[in-house]
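Presented below is the structure to which this report refers.
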Amino acid sequence: MRKPENTIGTSVPEMRSALRTHRFGWFEIVMLVVFVAVYYLLPGYLPLATQVAIMIIFAISLDLALGYGGIETLGHAVFYGIGGYAAGLYALHVWQEPISGLLVAAIAAGIFGIVSGVVVLRAKGLTLVMLTLACATMVHEFANSMRAVTGGDDGLSGYRIDPVFGLFRFDLFGRTAYIYSVCILVVVFLIARVVANSNFGLTARGIRSNAQRMQLLGVPVLNRLVLLYAISGALAGIAGALSAQVTKLVGLNTLAFTLSGNVLIVLILGGIGRLYGAVIGSIVFVVLSDRAAAIDPFNWLFILGGLIVLTVWLAPDGIAGRFSALTQQLRGRERKS
Amino acid sequence: MSFALEIRNLKKAFGGLEVTRDVSLTVAAGARHALIGPNGAGKSTLVNLITGVLKPSGGEILLGGSGIGNLSQAERVKRGLARTFQINSLFPTMTVAENVALAMVAHDGADARVLDNISRDPALAARIGEHLLRLNLADTADRLVSNLSYGQQRIVEVALALALRPNVLLLDEPAAGLAAKDVEMLLDLLKGLPDTVSVLIIEHDMDLVFRFAQTITVLVDGRVLLTGTPEEVRKDQRVRDVYLGRRHG
Amino acid sequence: MPSLSTLLSLFIDGASYGMILFLIASGLTVTLGIMRIVNLSHCGFAMIGGYAALALVSMGLPLLAALPIAVLFTMAVGFLLEQTIYRVVYRTHEFGQILMTLGLTYLMVATINLLFGSLMQNIPVPEALNGVWLAGGLTISKYRIFLVAVSAGVAVLLWATFEWTMFGAKLRAAIDNPRMARASGIDVGRLLSVAFAAGCGLAALGGVLGAQMLPLEPFYALKYLVLVLMVVTVGGLGSLKGSLVAALALGLIDTFGRYFVPEFGGFVIYVTVFAFLLVRPRGLFQNA
């Protein structure tokens, strides 16, 4: 196997592939084309497509925490909900400008990520799962009990959102909402990509792979996990805020266990730890659940449940994982020939 | 003269059981020093004391002249003491290049940088490339560690420790479980290490030890029996007794 | 300060609520203790039991006759699933187990929804247990007393099985150290199957008896799942005693919390659980 005179794998581009960082490729181009095409070809589906974009952002945020850092959480909706309520309350009481609303939501969710992360991330495995779940349920119940502020069961509504940049009014057909959400999605994707490709992203993957050894390399693991959790939380907060701004409603369901479960399912469907798994998973999940609900609103849980069981069983790396395994096989064949 | 690693009157007792009894040992700068002894001689305990897994009951450990006895394992690594583990402790789900990169980035204190793109850093890429080339790992750079052979994983273990640019490298039974040809590969690699690294190797494979070490310390029953050149150790009657005469389990 | 009689009836409410939680959680803690399987479908078995009893009662059977049939039916369903789908679940990693059993729960929800509709349903309480006892200004629901009595009986039975039977000894060994148990000739796989089915039966018992407090609806399996998981985690994995104490404590804290600080509703209990898990991440009684 050893070829001393051969220096395969040591040039900078070779090293790039050995370090497995995310590179732009045809996937991103196809996605951009699809997003543009949807705008022109399927104007009736813009609200649904907006939901897809928001779900992608949410799933990307989870991918950073779970796929990169290995933070196993059953309570990621807590950030989505906090972001949503922050954006809603901000629009209701402070300012109706949307971009600053997103920032406020990101900061609120990020801070919650730091505070809850410091206490929760000390745990591992099942305890961590339970703590994230307890934490999210706690915030859910808190929002439920603060009716005066959050509207409780009825949700938070009655606020309006100013035009984006003072120019683009949110219209009835959801055109502005769609373009706005897709633009934010692109920004979030780029942010997540920077994080994933950075030294810090590598560190996160190292922690997921062998946290104990990372500690022995002198890396303060808890500290790094908290930072990752905060970044992930802030991005999830942006997703929640987008939803709040676009639908003009924040309900308790944004904090619910079901949403935490759904985003996990999205990521498992798409494949974790590779960013674009979040994209594929969200499209499949949102479109499928919409179609299934339209055909038979009461029974679509059959499809969803079956899908989850089958995915974990047959394709534990998700659709994206199947796909990259396939391309790797092809590449291997190329190299040999 | 200052030593790379110096151990003075080190003691460790578990309850009433003394496992390390007044051990003193010096590893000179650039030395190739081996620590041998029959099973139960206290080698593992000594490694654990030096690396900070265990706290000594008495005595001093000096790294480059300053005491490290109260530092944590991670702090000792930062001060330039790297080690390999008997049981592989690598990042199995990551590639060989990523394993090395993790150690380098951590050593540089750059592991929390969110904005530096690892794959856009030609200096880092070059460092990793050189490192892998030197350790004959270049053509495994993009392979997952979990897919490597056991022998290759042992080499990556050494590569990971060396990526921390240590002054002192502590090799904890690096040849354990290796096939003969892999031992040769390991020996080649160890002989090629730069003089800036002082090596303390704990090893059962006597052939490897005598071919590699310049100085050998023999540990028996938690005490230093003698320290000398391979020639002196080979000739010493007490060593022969320990290894041949009265076999220690 | 509320009157003593109010406190007492709050106590009975909280205790009966806690005992229902214990019944549902007891099976989960045992399977979790042995296999470390995070079975998010467990609450679904309580739901299946509840609906099975509902179907039988609406066919004209008295509740007390329907109860054992519903329990046996749920055990059969649990056993069947354990022999099939759960074989796959066991083989995946911890997080995959969480997802698969979540998917299975969705399937249960959808099935119940298909068969019984999405409305909340109530199992009528038998005449003899309906109504209240009045004793010196004290109003006590007969049904609640019945609940506490039955669940206490079951808890004692469980405890006796665990402590005094060969089966219980094997279970304890398997929870303590599955590998050692296997090495010493215990068929841990079969033990788990039996414990799993028994756990489903207990959950079904809780689902039927507790339908007054935890009304039946298709989302039952998800709605009360969090609560049941918390009982198990706070109690300590594999500890029946822990689950009992935790369930009673949660039931009481929740009931008293809702009475004294109604504006915070269910918030009190989750803050308590969260704080507790921070201090004792392994729960009340876990030696490992």
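Residue numbering restarts at 1 for every chain, and letters A, B, ... go by the order of the sequence lines.
Here A:Asn197 contributes atom CG and B:Asp116 contributes atom CG; the two are 12.0 Å apart, rounded to the nearest 0.5 Å.
Residue A:Gly218 comes nearest to B:Ala74 through the heavy atom pair CA-CB, 3.7 Å, listed as atom of the first residue, atom of the second, then distance. Nearest heavy atom pair, residue A:Ala18 against residue B:Ala141, reads CB-O, 3.7 Å.
Comparing B:Val105, B:Val77, B:Asn117, B:Thr51 by heavy-atom pairs within less than 4.5 Å of chain A, the highest count is held by B:Asn117.
Using non-hydrogen atoms only and a strict 4.5 Å limit, the part of residues 106-114 of chain B facing chain A consists of B:Ala106, B:Ala110, B:Asp111, B:Ala112, B:Arg113, B:Val114.
Side-chain contact between B:Met94 and A:Leu202: present, with at least one pair of heavy atoms (C-beta onward) separated by less than 4.5 Å. In this structure, the side chains of B:Asn99 and A:Arg213 stay at 4.5 Å or more apart for every pair of heavy atoms. Between B:Thr93 and A:Arg208, the closest side-chain pair of non-hydrogen atoms is not below 4.5 Å.
The backbone N or O of B:Leu90 sits less than 3.5 Å from a side-chain atom of A:Asn210, completing a donor-acceptor pair.
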* Might you work through the side chain to side chain contact (heavy atoms under 4.5 Å, CB included) test for A:Leu19 and B:Ile128, ending with a clear yes or no? => CA-CA 10 Å; A:Leu19 292 173; B:Ile128 300 170; 4.2 Å; yes
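For B:Lys181, the NZ atom counts as loosely surrounded, since its 6.0 Å shell holds 12 or fewer non-hydrogen atoms of other residues, nucleotides or ligands. Crowding of B:Arg127 atom CZ: a count of heavy atoms from other residues, nucleotides or ligands under 6.0 Å exceeding 12.
For B:Arg83, the part lying near chain A is the backbone, with the side chain staying farther off; criterion is any non-hydrogen pair under 4.5 Å. Only the side chain of B:Leu164 comes within contact range of chain A, with heavy atoms under 4.5 Å apart. Both the backbone and the side chain of A:Leu217 have a heavy atom closer than 4.5 Å to some heavy atom of chain B. Proximity to chain B is limited to the side chain of A:Arg224, based on heavy atoms less than 4.5 angstrom apart.
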